[in-house]
Amino acid sequence: METTVTYKCPNCDAGLVFDAAKGKFVCEFCMSEFTEDELRATDSAERAEQTAKANEEFAGEVNEYICQSCGAVIMTDKATAADYCYYCHNPVVLADRVTGAFRPDKIVPFKFDKTAAKESFLRFAKKKLFVPRDYFSPEQADKITGVYYPFWLTDADTHSEIDATATRVRVWRTGNTEYTETSTFRIHRAGKIHFEDISTSAISTEDKGMLEGVLPYPPEAQTDFSMPYLLGYQAKRRDIDRDALAGEVKSRMNTYAEKLLRGTIGPYATVRVTRTDVGIIKSHWDYSLMPVWILTYNRDGKVYTYSMNGNTGKVYGELPIAWGRLFAVLGGIFGALLLVFSLIGGFLF
């Protein structure tokens with residue numbers, strides 16, 4: 001297997017590009033710039049070579065399964081023989097290769113086993129009055145599957161600032177005349193803000209709402225990736241590179257920074273933020289696998305998904321509706337109300 005080396009930014013580990021106009025190596029994420037001599041003084045190439053070696057070793061430790069029905073790609077250790085797709089419940093087949101570049105940096109191990117996950121699902125489902133009965137049958141509950149989902153985790157040290165326009169209003173009366181005075185202020189706030197574990201889904205084929213619905217995962221639950229954590233579970237392979245998410249992550253940083261800095265502005269009648277800027281001083285990205293217990297239910301061609309955070313137990317669920325039962329209940333209520341109104345009418349007239 002031939003390996004390649006990519007120079008990485010010493011500040012944020014993103015890939016560097018050569019800017020011919022500047023004659024420097026430039027990071028398009030944190031905007032750092034390096035001459036060739038400055039870059040040689042870092043361990044950028046050495047780290048890239050170590051990563052390539054770890055990826056090659058990882059490729060020899062995992063198998064990759066592809067569902068012929070829905071196309072889901074699932075990673076697992078070589079000792080596991082997957083027998084069905086966790087998503088569509090059809091058989092899966094073993095593919096002939098896996099790319100080592102998909103080796104995670106971190107993993108959050110499962111804290112809830114399958115028994116606990118089934119019990120949580122049944123408690124959730126049985127409280128719902130108008131779901132089909134087979135939705136929470138023992139056979140359905142037994143299909144719940146532990147899956148590691150891919151996320152990018154971003155830490156960053158930033159210099160963030162906002163500009164805002166604020167107003168204060170003073171009202172007073174002299175005799176029969178009321179006066180209103182509006183004062184306008186230009187406000188600037190700035191400070192160093194550290195962002196920790198911004199979690200962004202690294203897979204495009206799944207329901208983003210479902211994955212975000214079970215967030216967050218405790219930072220202290222993370223550990224360095226090791227293959228044994230995959231034993232007995234499935235894992236989805238990432239299909240989104242970190243560079244493709246840089247804009248989304250930067251946008252989220254802007255939103256968080258604006259909210260935080262705006263909170264330092266004192267009481268005014270109105271505050272309108274006119275500019276937000278987050279300058280990234282240094283950042284670090286980890287590719288991490290996060291545990292999710294997932295169960296799907298297909299009804300009338302629509303797939304409903306129930307998921308549970310495998311570490312915290314937080315639940316997200318889409319519920320199918322048993323329309324027949326719902327209409328029967330509504331019909332009973334309508335009939336009862338009609339009877340009551342009829343009796344009242346009989347007494348009155």
Side-chain angles (χ1 to χ4, degrees), residues 72-75 86-87 102 104-114 116-121 123-125 144-158 193-225 229-230 233-260 263 278 280 283-297 303-319:
V73 181
I74 304 160
M75 292 190 302
Y86 75 94
Y87 188 75
F102 296 97
D105 303 302
K106 301 288 184 179
I107 190 169
V108 174
F110 275 89
K111 187 176 179 180
F112 292 88
D113 63 13
K114 185 169 184 176
K118 289 169 60 176
E119 291 174 351
S120 176
F121 166 72
R123 286 195 301 269
F124 169 82
I144 196 165
T145 305
V147 182
Y148 282 106
Y149 275 92
F151 283 83
W152 284 108
L153 304 180
T154 311
D155 300 339
D157 293 322
T158 71
I193 300 177
H194 175 74
F195 294 94
E196 185 77 19
D197 285 343
I198 298 177
S199 302
T200 311
S201 170
I203 189 167
S204 61
T205 57
E206 298 295 329
D207 180 1
K208 193 175 181 68
M210 180 271 289
L211 293 178
E212 292 181 348
V214 298
L215 292 176
Y217 288 85
E220 61 273 13
Q222 294 181 41
T223 187
D224 291 337
F225 176 77
Y229 286 115
L230 294 183
Y233 301 100
Q234 297 176 358
K236 292 289 286 184
R237 189 183 71 177
R238 67 174 173 85
D239 62 3
I240 304 178
D241 291 331
R242 48 167 288 183
D243 291 344
L245 295 175
E248 179 181 346
V249 172
K250 187 72 177 293
S251 177
R252 292 169 69 182
M253 288 182 186
N254 283 355
T255 300
Y256 299 152
E258 179 178 319
K259 182 178 180 181
L260 184 61
V278 174
I280 299 174
S283 69
H284 178 77
W285 293 62
D286 279 323
Y287 170 37
S288 181
L289 294 181
M290 305 295 201
V292 180
W293 283 103
I294 187 168
L295 182 64
T296 60
Y297 177 81
V303 176
Y304 296 87
T305 304
Y306 165 87
S307 57
M308 185 185 89
N309 186 309
N311 182 268
T312 67
K314 183 179 179 182
V315 167
Y316 172 90
E318 297 176 306
L319 295 172

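One-based numbering along the sequence shown.
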How long is the span from the [atom1] atom in [X] to the [atom2] atom in [Y], to the nearest 0.5 Å?
X      : Y      : atom1 : atom2 : value
Ile240 : Thr200 : CD1   : OG1   : 9.5 Å
Lys118 : Asp113 : NZ    : CG    : 10.0 Å
Glu196 : Asp157 : CD    : CG    : 9.0 Å
Tyr306 : Leu295 : OH    : CG    : 8.5 Å
Thr255 : Leu260 : OG1   : CG    : 12.5 Å

Is there a donor-acceptor pair closer than 3.5 Å between any side-chain N or O of [X] and the backbone N or O of [Y]?
X      : Y      : value
Asp239 : Ser204 : yes
Lys314 : Pro216 : no
Asp105 : Tyr287 : yes
His194 : Thr158 : no

With sequence neighbours excluded, residues passing side-chain contact (heavy atoms from CB on, under 4.5 Å) with [X]:
X      : result
Ala257 : Ser160, Ile193, Phe195, Val278
Glu119 : Thr115, Arg123
Phe112 : Ala116, Trp293, Met308
Asp197 : Leu153, Asp155, Pro219, Gln222

Is any side-chain heavy atom of [X] closer than 4.5 Å to a side-chain heavy atom of [Y]?
X      : Y      : value
Val315 : Phe121 : no
Leu289 : Pro150 : yes
Val292 : Tyr217 : yes
Val214 : Tyr149 : no
Glu248 : Trp152 : no
Pro109 : Tyr233 : no
Ile203 : Leu211 : yes

Might you work through the side-chain contact (heavy atoms from CB on, under 4.5 Å) test for Thr154 and Arg252, ending with a clear yes or no? CA-CA 11 Å; Thr154 311; Arg252 292 169 69 182; over 6 Å; no

Show me the pairs that pass salt bridge (charged side-chain N to carboxylate O under 4.0 Å, His left out) and involve residues 212-225, at least two apart or across chains.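 Qualifying pairs, neighbours excluded: Lys106-Asp224, Lys208-Glu212.
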
How close do Met210 and Tyr316 get, heavy atom to heavy atom, and via which atoms?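 For Met210 and Tyr316, the tightest heavy-atom pair comes out as CA-CE2, 3.5 Å.
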
Ser199: which residues meet the side chain to side chain donor-acceptor pair (under 3.5 Å) condition with it, sequence neighbours left out?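 Not a single residue meets the side chain to side chain donor-acceptor pair (under 3.5 Å) criterion with Ser199.
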
Can you confirm whether Lys111 is buried at NZ, in the sense that more than 12 heavy atoms of other residues, nucleotides or ligands lie under 6.0 Å from that atom?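 Open.
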
Between Tyr297 and Tyr304, what is the ring plane arrangement, given parallel below 30°, perpendicular above 60°, and tilted in between?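 The rings of Tyr297 and Tyr304 sit tilted, inter-plane angle from 30° to 60°.
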
